[in-house]
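What you see is a predicted model, and the numbers here were worked out from it, not measured in a lab. The basis for the numbers below is simple: all heavy atoms, side chains too, and nothing from hydrogens, waters or symmetry mates.
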Amino acid sequence: MECPKEFDDIRPFYDREFHDKMKVLVKEPKFEHAVRYVLRDVNYEEFCQQLLALDNKRDFQLLIMRAFLEGLTQQTTRGLTGSNFEQLEKTRSYTFMSNHRDIVLDASFLNLLLIRQGLQTSEVAIGNNLLIFDWISDLVRLNKSFIVKRNLGVRQTFDAARQLSGYIHFAITQKHESVWIAQREGRAKDSDDRTQESLIKMLGIAGEGDLIGNLKEINLVPVSISYEYDPCDYLKAYEFLLKRDNPEFKKSQQDDLHSMEMGLLGYKGHVHFQISPCINDDLDKLSSIEEKSEIISHIPKLIDKAIHSNYRLYPGNYVAYDILHGTNRFTDHYTAEEKQTFTNYLDSQLAKLPEVGNKDHEFLQERILTMYSNPLKNQMEALGREA
């Protein structure tokens, strides 16, 4: 199904556009460089022939992207698993909303798990700040992504929010495509995952009902993503240090590219995705609240509780909490060997950073320990336990 013209600059490419866009993409030197960087043994000419033999996004995902992601899973993880996917109805489209750890792989791994379950992949929301080159924009739109416009003026921001909300509602209700969107703009650098109210407001703009009716229309499903190790943890810690010393610090495009590369190719240990039930029934319970602002403040808490409750925790999460707080509270959740493994990992990650003074080293270590302990802390609070 084709979209109204108002969505032309953000929608994924149509299948009728696929081949022409791909012909341009494979001739792009930077695309070739990226392919050779990620697929070290690739015969680029043969790979291009495979791409040019395709004429639609579905085959691209099933024949090219699936094989790539399965290979990446084998090379950089100890296994990619998912829970509760069986509760998803094949005839229903959803808005998957998850915590955000990795720039590229959060949505990619979710789609791989959907493919494994025999379900349709989701369209993916991606910020235009990451579309550093035109060829990256073309690639993601060939791979069922739609564009989130960022860093705009006040009036432009409202227009972009209305357009984005309209597209997501159209994708769900008319195209019958599921979508993925992160619960906040950008990754939570300290893994303290919180849904932004502005995102809920945006999703509720489109539709012909009230806020709750509009949100129910898109079937919000919280998704908890748990990486045993975050390959970019040391980069996130270093960013905290740079911002501490210079509050005006902003990452460069090259920093974002480096984070994407590290996230793709770095070791992640176990990776798990857990699906929570659609929140429509919970939204119904808020319908008696008269103040729209009060409803908007409740909905992120619903989503956060679902995400936090369903993290899969690893020994490192418990070790990090005990080291950070100077306790032995969770020693029954890890062995001495597992503690040593995590502390060795921590040391190896910190060693990748430039030399800093002792106090700065302590700051960086505290930042990484916080990243790994926050999922445990948030899960305890979500389950009503003392954190």
*Given the rule in the side-chain hydrogen bond (donor to acceptor under 3.5 Å, both in side chains) test, do Tyr44 and Arg36 qualify, once you have shown the distances and angles that lead to the verdict?*
CA-CA 7 Å; Tyr44 186 71; Arg36 292 186 184 279; over 6 Å; no
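- Between the side chain of Asn111 and the main chain of Ser122, a donor-acceptor pair closer than 3.5 Å is present.
- Atoms CG and OH, on Asn56 and Tyr14 in that order, are 15.5 Å from each other to the nearest 0.5 Å.
- When ring centroids are compared, Trp135 and His33 stay outside the 6.0 Å threshold.
- Annotation for Ser93 and Asn219: closest pair O-ND2, 2.9 Å, computed over non-hydrogen atoms.
- The pair Asp193-Arg184 does not meet the salt-bridge criterion, since no charged nitrogen lies less than 4.0 angstrom from a carboxylate oxygen.
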*Do Asn128 and Arg150 pass the side-chain hydrogen bond (donor to acceptor under 3.5 Å, both in side chains) test, and can you show the C-alpha distance, the side-chain angles, and the key distance before you say yes or no?*
CA-CA 6 Å; Asn128 64 350; Arg150 291 183 176 153; 6.0 Å; no
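- Side-chain contact between Phe158 and Leu152 is absent, with no heavy atoms from C-beta onward closer than 4.5 Å.
- Of the charged side-chain nitrogens involved, at least one lies within less than 4.0 Å of a carboxylate oxygen, so that Asp159 and Arg155 count as a salt-bridged pair.
- We find the CD-CE distance between Glu386 and Met380 to be 8.5 Å, quoted to the nearest 0.5 Å.
- The closest side-chain donor-acceptor pair between Glu366 and Thr370 falls under 3.5 angstrom.
- Taking hydrophobic clusters as Ile, Leu, Val, Met, Phe, Trp and Tyr residues chained together by side-chain heavy-atom distances below 4.5 Å, Ile10 does not share a cluster with Ile205.
- Remark: Arg367 is positioned above the aromatic ring of Phe240, its terminal NZ or CZ atom under 6.0 angstrom from the ring centre and at most 45 degrees off the axis.
- For Thr77 (side chain) and Thr73 (main-chain N/O), a donor-acceptor pair under 3.5 Å exists by modelled atom type.
- In this structure the side chain of Thr335 reaches within 4.5 angstrom of the side chain of Glu338, judged on heavy atoms.
- Between the side chains of Asn378 and Arg194, at least one donor N or O lies within less than 3.5 Å of an accepting N or O.
- In terms of modelled atom types and a separation under 3.5 Å, the side chain of Ser108 and the main chain of Leu105 share no donor-acceptor contact.
- Within 6.0 Å of CD on Glu86 lie more than 12 heavy atoms contributed by other residues, nucleotides or ligands.
- Proximity of a side-chain donor or acceptor of Asn214 to a complementary backbone N or O of Ala206 within less than 3.5 Å is detected.
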*asked:* Could you go through Gln120 and Lys90, starting from their C-alpha distance and side-chain angles, then the distance that decides it, and tell me whether this counts as side-chain hydrogen bond (donor to acceptor under 3.5 Å, both in side chains)?
replied: CA-CA 8 Å; Gln120 293 293 321; Lys90 290 189 176 182; over 6 Å; no
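- Side chain of Asn310 to main chain of Ala306: a donor-acceptor pair is present (N/O by atom type, distance under 3.5 Å, no hydrogens or angles).
- No side-chain heavy atom of Ser309 sits less than 4.5 Å from a side-chain heavy atom of Gln379.
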*Please assess Glu228 against Asn317 for the test side-chain hydrogen bond (donor to acceptor under 3.5 Å, both in side chains), listing each intermediate value before the final yes or no.*
CA-CA 8 Å; Glu228 185 175 11; Asn317 300 115; over 6 Å; no
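- Using a 4.5 Å cut-off on side-chain heavy atoms (C-beta onward), Pro222 and Ile279 make contact.
- Taking CZ of Phe85 as the start and CG of Leu88 as the end, the distance is 7.0 Å to the nearest 0.5 Å.
- For the residue pair Gln253 and Asn129, no side-chain donor N or O sits within less than 3.5 Å of a side-chain acceptor on the partner.
- In the displayed structure, Lys175 atom NZ is contacted under 6.0 Å by more than 12 heavy atoms of other residues, nucleotides or ligands.
- Between the side chains of Gln61 and Thr121, a donor-acceptor pair is found at a separation under 3.5 Å.
- Atom CZ of Arg101 sits about 14.5 Å away from atom CZ of Phe109, to the nearest 0.5 Å.
- Figure legend: Arg40 and Tyr37 shown as a cation-pi pair, the cationic atom lying under 6.0 angstrom from the six-membered ring centre and within 45 degrees of its axis.
- Judged by a 6.0 Å distance limit and a 45° cone about the ring axis, Arg11 is not positioned over the six-membered ring of Tyr167.
- If you run side chain to side chain contact (heavy atoms under 4.5 Å, CB included) between Leu25 and each of Asp134, Leu139, Asp20, only Leu139 comes through.
- Proximity of Trp180 to Val223: side-chain heavy atoms (C-beta onward) are nowhere separated by under 4.5 Å.
- Side-chain atoms of His19 come within 3.5 Å of backbone N or O of Leu52 as a donor-acceptor pair.
- Pro277 is listed as a side-chain neighbour of Gln87, based on a closest heavy-atom distance under 4.5 Å.
- The pair Lys144-Glu177 counts as a salt bridge, with a side-chain nitrogen and a carboxylate oxygen less than 4.0 angstrom apart.
- A ring-centre distance under 6.0 Å is not found for Tyr334 and Tyr318.
- The backbone N or O of Ser226 lies less than 3.5 Å from no partner atom in the side chain of His270, so there is not a single donor-acceptor pair.
- Note on Leu62: it does not cluster hydrophobically with Phe60, by side-chain heavy-atom contacts below 4.5 Å among ILVMFWY residues.
- For the residue pair Asp233 and Tyr345, a side-chain donor N or O sits within less than 3.5 Å of a side-chain acceptor on the partner.
- Judged purely by atom type and a 3.5 angstrom limit, Glu28 uses its side chain to pair as donor or acceptor with the backbone of Lys30.
- His272 and Thr81 share a side-chain donor-acceptor pair at under 3.5 Å.
- A donor-acceptor pair shorter than 3.5 Å cannot be found between the side chains of Ser287 and Asp284.
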_Please evaluate residues His308 and Glu381 with respect to the criterion side chain to side chain contact (heavy atoms under 4.5 Å, CB included), reporting the C-alpha separation (whole Å), side-chain torsions for both, the decisive distance (0.1 Å), and the verdict._
CA-CA 8 Å; His308 295 168; Glu381 291 176 352; over 6 Å; no
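- Between Ile103 and Ile126 there is no side-chain heavy-atom pair separated by less than 4.5 Å.
- Looking only at atom types and distance, the side chain of Gln196 has no donor-acceptor partner in the side chain of Lys201 under 3.5 Å away.
- Between Asp304 and Gln183 there is a side-chain heavy-atom pair separated by less than 4.5 Å.
- The distance from atom CD of Glu6 to atom CZ of Phe170, rounded to the nearest 0.5 Å, is 9.0 Å.
- Checked by atom type, the side-chain pair Asn344/Asp347 shows no donor-acceptor distance below 3.5 Å.
- Between the side chain of Lys21 and the backbone N or O of Leu142, no donor-acceptor pair lies under 3.5 Å.
- For Arg58, the CZ atom sits in a loose shell: 12 or fewer heavy atoms of surrounding residues, nucleotides or ligands are nearer than 6.0 Å.
- Summarising the geometry, atom NE2 belonging to His361 is positioned 8.5 Å from atom CD belonging to Glu355; distances are rounded to the nearest 0.5 Å.
- Aromatic ring centroids of Phe342 and Tyr372 lie under 6.0 Å apart.
- A donor-acceptor contact closer than 3.5 angstrom is absent between the side chains of Tyr238 and Asp360.
- With Ser165 contributing its side chain and Ala161 its backbone, the two residues share no donor-acceptor pair below 3.5 Å.
- A donor-acceptor pair shorter than 3.5 Å can be found between the side chains of Asp322 and Thr327.
- The salt bridge (charged side-chain N to carboxylate O under 4.0 Å, His left out) contacts involving residues 256-268 comprise Lys251-Asp256, where partners must be two or more places apart or lie in separate chains.
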